[in-house]
Structures are given as structure tokens and as C-alpha cells.
Amino acid sequence: MATYDPEEQENIEDLKTWWRVYGTQVIVVMAVFIASIAGVQAWNYYQRQQTDQAVELYDSLLQVQGSGDAKKISDAAGLVMTGFASSGYASRAALISAQASLDAGDLQNAKSRLQWVLDNSKEEELKDLVRLRLASILLDEKKYDDGLRLLEVGHGESFDGLYADLKGDLLANAGKVAEARAAYQIAIDKMGRQGTYHNIVQMKLDAL
């Protein structure tokens with residue numbers, strides 16, 4: 001026959017009372033905790049799936065790139081850019097498409113792709129490079145003021161020399177000789193005074 005223990009019975013009653021008061025909260029907290037774990041796992045799986053699909057499309061783009069067909073390259077790049085805009089693959093796909101369009105003489109599509117990178121990429125160095133490419137196109141189109149405005153945007157220090165050199169080109173072609181000289185001098189100072197590129201910029205400066 002079981003021995004009656006008043007203290008144990010009191011503990012059981014206390015537990016029942018506590019559960020009536022806090023039991024629902026405990027269940028909710030546990031449910032949220034379990035759901036959060038499941039959500040993280042589901043999100044990680046989704047991210048892996050997205051990455052795998054982006055890689056597949058990017059690989060397809062690289063295969064098409066060898067054809068030299070700007071239209072096919074643009075279409076293949078568009079799939080990556082549309083489906084996976086936030087990935088690094090999308091920005092690189094846009095750059096490949098821009099170069100193919102440049103080679104084909106389609107400046108409008110090239111500019112559109114480069115602008116897409118500026119609008120969507122989260123990689124600052126990549127955007128610094130894209131501004132140089134886009135400003136070079138504007139130079140070819142004789143849109144000097146537009147090119148200069150583009151280069152006025154902040155950029156990484158490692159690009160100082162390249163930005164100054166291209167500013168010099170834009171200013172020189174715009175007939176602003178004194179400003180062009182100053183820009184070329186900055187480029188030389190930033191690049192150092194040795195190397196082939198330095199010699200090229202020095203020749204531009206001497207020509208003025």
C-alpha cells in the first residue's frame with residue numbers, strides 16, 4: 001500500500017497550479033523555438049537551391065559566351081539577372097553581356113547592362129570598375145559632362161589614378177585643357193612614376 005506523503009502531494013498541486021498559469025506560454029515558446037529551427041533549415045535549403053540554379057545558369061552563359069553571338073549572350077545573361085538579381089553571378093553576367101554588346105557595336109544595350117550593375121550590385125569595387133567602363137562609353141559618345149558626373153561618385157582609393165586619367169580624357173576632349181592637365185597630373189601622382197600606364201598618361205599630359 002502506497003504511503004501518503006503530504007509534502008509530495010503539495011508539490012504536485014503546486015506544479016498543477018503553475019502549469020495552469022504558465023503552461024500555454026511554455027507551449028507557445030516551444031512551438032516558436034521549434035518553428036524557428038525548422039525555418040532556418042528551410043531557408044538554408046532554399047538558399048542552396050538558389051545558388052545551385054544560379055551557378056547552372058551562369059555556366060550556361062559561359063558556354064554561350066564562346067559563340068560571340070551578342071543576342072544569345074544577352075538572353076542567357078538576362079536569365080541570371082532576372083532570376084538571381086541579388087547574387088554575384090547576376091552582376092558578372094551583366095558585365096559579360098555588356099562586353100558582348102560593346103564588341104557588337106550595341107552601345108545602348110552595353111550601357112543598360114552596366115547601369116544594371118550600378119543599380120543592383122552590392123560589391124563596391126565592382127561598381128567602381130563599372131563606372132569606368134560606362135564613362136569610357138560616354139567618352140566615345142562625346143557625352144563628356146555625363147561621363148564626368150559619373151566619375152564624381154565616391155570610389156575606392158585604389159581607383160583614384162584610373163578615375164583621374166579618364167577624367168583627363170573627358171576634360172581634354174571637352175576642350176578644358178587646364179582642368180585636363182590637372183587631372184592627368186593627379187593620375188600620375190596616384191599611379192606612381194613607373195610602368196607603362198604611367199608613360200601613357202605622361203604622354204597625354206605632354207601632348208596638352
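Quick note: numbers below take in every heavy atom, side chains included, and nothing from hydrogens, waters or symmetry partners.
Side-chain contact of Gln63 with Asp59: a donor-acceptor pair under 3.5 Å is absent, judged by distance alone. Between Asn109 and Ser101, the side chains place a donor N or O and an acceptor N or O closer than 3.5 Å (distance only, hydrogens not considered).
At a threshold of 4.0 Å, the pair Lys72-Asp75 does not count as salt-bridged, since none of the basic side-chain nitrogens sits closer than that to a carboxylate oxygen. One finds no salt bridge joining Asp165 and Lys190 here, because no Lys/Arg side-chain nitrogen approaches an Asp/Glu carboxylate oxygen to under 4.0 Å. Under the 4.0 Å criterion applied to side-chain N and carboxylate O atoms, Lys167 and Glu152 are assigned as salt-bridge partners.
A single hydrophobic cluster is seen to contain both Leu171 and Val177, as judged by linkage of ILVMFWY side chains at heavy-atom distances under 4.5 Å, directly or through other members. At a threshold of 4.5 Å between side-chain heavy atoms, the hydrophobic network of Ile, Leu, Val, Met, Phe, Trp and Tyr places Leu138 and Leu107 in one connected group. Hydrophobic clustering (side-chain heavy atoms under 4.5 Å, transitive across Ile, Leu, Val, Met, Phe, Trp, Tyr) keeps Leu132 apart from Leu118. Hydrophobic clustering of Ile, Leu, Val, Met, Phe, Trp and Tyr side chains at less than 4.5 Å, counting indirect connections, unites Ile73 with Phe84. No continuous path of ILVMFWY side-chain contacts below 4.5 Å connects Leu166 to Leu134, so the two sit in separate hydrophobic clusters.
Contact of the Leu114 side chain with the Ile137 side chain is registered, since non-hydrogen atoms from C-beta on lie closer than 4.5 Å. Contact check for Leu139 versus Asn173: side-chain heavy atoms found under the 4.5 Å cut-off. Side chains of Gln108 and Asp106 form a contact here, defined as non-hydrogen atoms less than 4.5 Å apart.
Remark: the backbone N or O of Gly88 is paired with a side-chain donor or acceptor of Arg92 at under 3.5 angstrom. Without hydrogens or angle criteria, Arg181 side chain to Leu208 main chain gives a donor-acceptor distance under 3.5 Å. Using a distance-only test at 3.5 Å, with no hydrogens or angles considered, a donor-acceptor pair links the side chain of Arg113 to the main chain of Ser74. Judged purely by atom type and a 3.5 angstrom limit, Thr82 has no side-chain atom pairing as donor or acceptor with the backbone of Leu79. Between the side chain of Tyr89 and the backbone N or O of Met81, no donor-acceptor pair lies under 3.5 Å.
When all heavy atoms of Ala110 and Ala98 are compared, the pair lying nearest together is CB-O, 3.5 Å. Scanning all heavy atoms of the two residues, the minimum distance from Ala135 to Leu150 falls at N-CD2, 3.7 Å. Here the shortest heavy-atom pairing between Asp128 and Gly154 reads OD1-O, 4.0 Å. Here the closest non-hydrogen pair linking Leu151 and Arg131 is CD2-O, 4.1 Å. Counting all heavy atoms, side chain and backbone alike, Ala180 lies closest to Ala172 at CB-N, 3.5 Å. Across every non-hydrogen atom of Ala187 and Gly161, the tightest pair is CB-O, 3.5 Å.
We find the CG-CG distance between Leu95 and Leu129 to be 7.0 Å, quoted to the nearest 0.5 Å. Here the straight-line distance linking atom CH2 of Trp116 with atom OG of Ser121 works out to 8.0 Å at 0.5 Å rounding. To the nearest 0.5 Å, atom CD of residue Glu179 and atom CG of residue Leu170 are 11.5 Å apart.
Counting only residues at least two apart or on different chains, the ring-ring contact (aromatic ring centres under 6.0 Å, His included) pairs with a member in residues 119-159 are His155-Tyr163.
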Worksheet item: So Leu126 and Val117, side chain to side chain contact (heavy atoms under 4.5 Å, CB included) or not? Walk me through it.
Response: CA-CA 8 Å; Leu126 190 62; Val117 177; 4.3 Å; yes
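The residue from Asp169, Asp189, Asp206 that alone fulfils the side-chain hydrogen bond (donor to acceptor under 3.5 Å, both in side chains) condition with Tyr184 is Asp169.
The number of heavy-atom neighbours closer than 6.0 Å to CD of Glu125, taken from other residues, nucleotides and ligands shown, is 12 or below.
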